[in-house]
Undergrad: 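Okay, here's the structure, questions in a sec.
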Amino acid sequence: MGRINRKRSTKIVTFAVLLSLFAYFMLKDKSEMDKSHNEITSRGAAGLFRRESEPWIQEQFTNSASIFPVRKALEEELQRMKEKEEMFVEKLIKARKNEEDLKNNLIRLSQELWVNNALKDPLKLTHNTQENFDLPTIFVVTPTFKRFVQKAELTRLSQAFKSVKNLHWIVVEDSGDKTNLVANFLRNSRLKYTHLNVRTPDTLRRHKNEKRRSKPRGVVQRNVGIQWIRNNIDPHRTPGVVYFADDDNTYDSRIFDEMRWIKGVGVWPVAFTGAVRWAGPVCKDGQVIGFHAKWGLFRPFPIDMAAFAINIKKLLIDFPKAEFLSPEKAGMLESSLLTQITTIDELEPVTPNCSKVYVWHTRTEVPKDSIIGERRMIKQGTPSDNNIET
């Protein structure tokens with residue numbers, strides 16, 4: 001009986017051990033299968049991620065690769081724009097040059113037409129015809145001083161200006177203040193004018209018992225006129241010439257129509273000066289070959305103040321500091337300016353080949369009887385009415 005129980009116990013233990021081993025191996029296999037399944041699942045997820053992400057990555061790579069041709073195209077377009085800009089600038093410069101050439105040709109043609117019309121029939125040259133052209137401006141600088149015949153001489157001078165187009169009269173009084181006589185006269189002249197004043201320094205003023213030619217007159221007044229032009233006129237926008245017209249001369253208005261076309265310094269003869277019937281340049285084939293005069297041939301430019309005009313570019317651009325000097329030797333005032341800005345070879349003959357006189361160096365006769373009589377009337381207390389301007 002005891003032996004039977006031992007056998008039965010051994011079988012039970014053996015069965016339990018086998019059952020335990022079976023359970024162990026079953027559990028082990030399940031764990032390995034779960035692990036394998038997890039690895040497979042991870043690998044699948046990774047693969048799936050790669051498969052889904054590959055188009056995006058490919059797209060980004062493709063986009064990055066496509067930037068290069070776009071950038072190249074932009075650079076090429078920028079280069080083409082730069083080339084077009086350079087071509088535009090070149091064409092603009094050329095257009096401006098052509099514009100300047102056309103303007104010069106227009107001035108030249110209008111000059112020729114003006115002269116031809118004037119030669120054919122001056123009376124038919126109407127107001128409208130003259131204003132159809134962009135005529136260079138004539139800046140006339142006139143120094144003046146108070147005297148018995150001042151208004152009479154200014155009146156004669158203004159009458160010569162009235163028929164001249166594009167004329168700007170710059171009147172400079174030798175006075176510390178502008179006088180009412182000159183101010184009223186200019187206001188009523190119907191001319192375009194500028195009224196200036198400056199008093200001649202005592203060192204340059206001619207005193208009693210001094211010879212008439214001992215000191216030049218109008219030096220500072222003419223320089224003030226030049227300075228006003230420099231301060232107020234743009235030579236690029238307003239072409240023209242500067243002329244120094246004394247108020248005691250006589251002028252044919254044709255001289256102004258011819259001088260306005262001067263490119264540098266133009267010259268012509270003037271009557272009743274240089275101690276001869278006329279004095280000034282002697283010209284041949286459009287060139288100044290000498291000078292005619294009896295007095296003053298020692299001067300570098302033996303001509304009268306009324307015998308030349310200057311293009312404003314000479315005074316404003318080429319020689320912006322040129323001015324009249326106060327020479328000690330008589331007759332050198334004109335040369336003191338001209339030697340600074342030109343040479344004899346550069347002079348331009350005006351009035352066809354310097355063959356005509358359009359300016360006369362005249363002086364209004366001083367009415368001595370009227371002066372003496374007026375002084376006596378003043379002493380007697382019965383002077384002429386000062387309200388009547390003369």
Side-chain angles (χ1 to χ4, degrees), residues 140-154 156-157 170-179 181-182 195-230 242-251 265 267 270-276 279-280 291 293-310 315 319 321-342 359-368 371:
V140 180
V141 179
T142 299
T144 187
F145 63 98
K146 185 178 180 179
R147 59 196 187 278
F148 209 77
V149 296
Q150 182 182 24
K151 186 176 181 181
E153 294 191 320
L154 288 174
R156 182 179 65 231
L157 183 56
I170 303 173
V171 180
V172 189
E173 287 194 75
D174 185 353
S175 173
D177 299 300
K178 298 175 182 177
T179 64
L181 184 146
V182 176
H195 186 190
L196 307 172
N197 69 287
V198 59
R199 180 173 172 79
T200 300
D202 290 337
T203 55
L204 297 179
R205 300 185 75 86
R206 183 165 60 92
H207 301 287
K208 289 183 178 180
N209 300 325
E210 287 185 332
K211 295 181 178 180
R212 185 173 65 88
R213 295 180 180 273
S214 61
K215 293 178 180 178
R217 293 188 300 180
V219 178
V220 294
Q221 286 75 30
R222 294 184 182 94
N223 287 338
V224 165
I226 294 173
Q227 193 58 47
W228 183 92
I229 296 173
R230 286 173 174 155
V242 181
Y243 182 53
F244 304 97
D246 292 345
D247 59 3
D248 58 353
N249 290 342
T250 302
Y251 302 88
V265 178
V267 292
V270 174
F272 313 150
T273 185
V276 286
F291 295 92
K294 184 177 182 297
W295 178 88
L297 287 174
F298 61 86
R299 298 173 292 172
F301 294 88
I303 57 178
D304 187 74
M305 185 68 67
F308 66 92
I310 307 168
L315 293 175
F319 302 95
K321 295 184 178 180
E323 63 178 5
F324 287 99
L325 305 178
S326 302
E328 296 181 358
K329 196 169 185 178
M332 291 293 292
L333 184 58
E334 296 85 355
S335 294
S336 72
L337 174 66
L338 293 176
T339 53
Q340 299 176 59
I341 63 175
T342 190
V359 184
W360 293 262
H361 195 281
T362 55
R363 291 186 181 87
T364 301
E365 182 181 359
V366 178
K368 294 181 180 179
I371 294 174

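All values below were derived from every heavy atom in this structure, side-chain atoms included, with hydrogens, water molecules and symmetry-related copies excluded.
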Undergrad: Determine whether the side chains of D174 and T200 contain a donor N or O and an acceptor N or O closer than 3.5 Å.
TA: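 There is such a pair between these side chains.
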Undergrad: Considering residues, nucleotides and ligands other than K294, do more than 12 of their heavy atoms fall under 6.0 Å from its NZ?
TA: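 No, NZ of K294 has 12 or fewer neighbouring heavy atoms, counting only those of other groups under 6.0 Å.
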Undergrad: Counting distance only, does the side-chain N/O of N197 pair as donor-acceptor with the main-chain N or O of S175 below 3.5 Å?
TA: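 Judged by distance alone, yes, a pair lies under 3.5 Å.
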Undergrad: Between E173, Q150, K146, which is the residue that forms a side chain to side chain donor-acceptor pair (under 3.5 Å) with T179?
TA: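 By the side chain to side chain donor-acceptor pair (under 3.5 Å) criterion, T179 pairs with just one of E173, Q150, K146: E173.
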Undergrad: What pair of heavy atoms forms the shortest contact from N223 to E323, and how long is it?
TA: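 Residues N223 and E323, closest heavy atoms: OD1-CB, 3.3 Å.
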Undergrad: For residues V172 and W228, determine if any side-chain heavy atom of one lies less than 4.5 Å from a side-chain heavy atom of the other.
TA: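 Counting from C-beta outward, V172 and W228 never come under 4.5 Å.
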Undergrad: Could you state the interatomic distance from OG1 (T273) to CE (M305), rounded to the nearest 0.5 Å?
TA: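 It comes to 11.0 Å.
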Undergrad: For residues V270 and N249, determine if any side-chain heavy atom of one lies less than 4.5 Å from a side-chain heavy atom of the other.
TA: no
Undergrad: Rounded to the nearest 0.5 Å, what separation is found between the CD1 atom of I170 and the NE2 atom of H195?
TA: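 Separation between the atoms: 12.5 Å.
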Undergrad: Can you name the nearest heavy-atom pair linking W295 to G331, along with the distance?
TA: CH2-CA, 3.7 Å
Undergrad: Holding to ring pair (Phe, Tyr, Trp, His ring centres under 6.0 Å), I want the full list of residues that pass it with F324, two or more places apart in sequence or in another chain.
TA: F244
Undergrad: Is there a donor-acceptor pair under 3.5 Å between the side chain of Y251 and the backbone N or O of R156?
TA: no
Undergrad: How long is the straight-line distance from CG of L333 back to CZ of R299, given to the nearest 0.5 Å?
TA: 10.5 Å
Undergrad: To the nearest 0.5 Å, what is the distance between CG on L315 and CD1 on I229?
TA: 7.5 Å
Undergrad: Report yes if the side chains of R147 and V149 come closer than 4.5 Å at any heavy-atom pair, otherwise no.
TA: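 R147 vs V149: side chains touch.
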Undergrad: Restricting to non-hydrogen atoms, name the atom on A245 and the atom on T142 that form the minimum distance, rounded to 0.1 Å.
TA: O-OG1, 2.8 Å
Undergrad: Compare all side-chain heavy atoms of R222 with those of L337 and state whether any distance is below 4.5 angstrom.
TA: no
Undergrad: Would you say R205 and R199 make side-chain contact, with heavy atoms under 4.5 Å?
TA: yes
Undergrad: For the residue pair G274 and A279, what are the closest heavy atoms and their distance?
TA: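 Reported closest heavy-atom pair: CA-CB, 4.1 Å.
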Undergrad: If you take all heavy atoms of F272 and W360, which pair is closest and at what distance?
TA: CE1-CD1, 3.5 Å
Undergrad: Taking all non-hydrogen atoms of both residues into account, name the closest pair between S335 and P300 and its distance.
TA: OG-CD, 3.6 Å
Undergrad: Quick check for you: to the nearest 0.5 Å, what is the distance between M332 atom CE and L325 atom CG?
TA: 9.5 Å
Undergrad: Contact between I226 and V141 at the side-chain level, heavy atoms closer than 4.5 Å - yes or no?
TA: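 No, side chains not in contact.
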Undergrad: Indicate yes or no for a side-chain donor-acceptor contact from E334 to the backbone of P302 under 3.5 Å, with no hydrogens or angles considered.
TA: no
Undergrad: I need the L181 CG to K151 NZ distance, nearest 0.5 Å.
TA: 6.0 Å
Undergrad: Answer whether the closest heavy-atom distance between the side chains of L338 and I303 falls below 4.5 Å.
TA: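 Yes. Closest side-chain heavy atoms under 4.5 Å.
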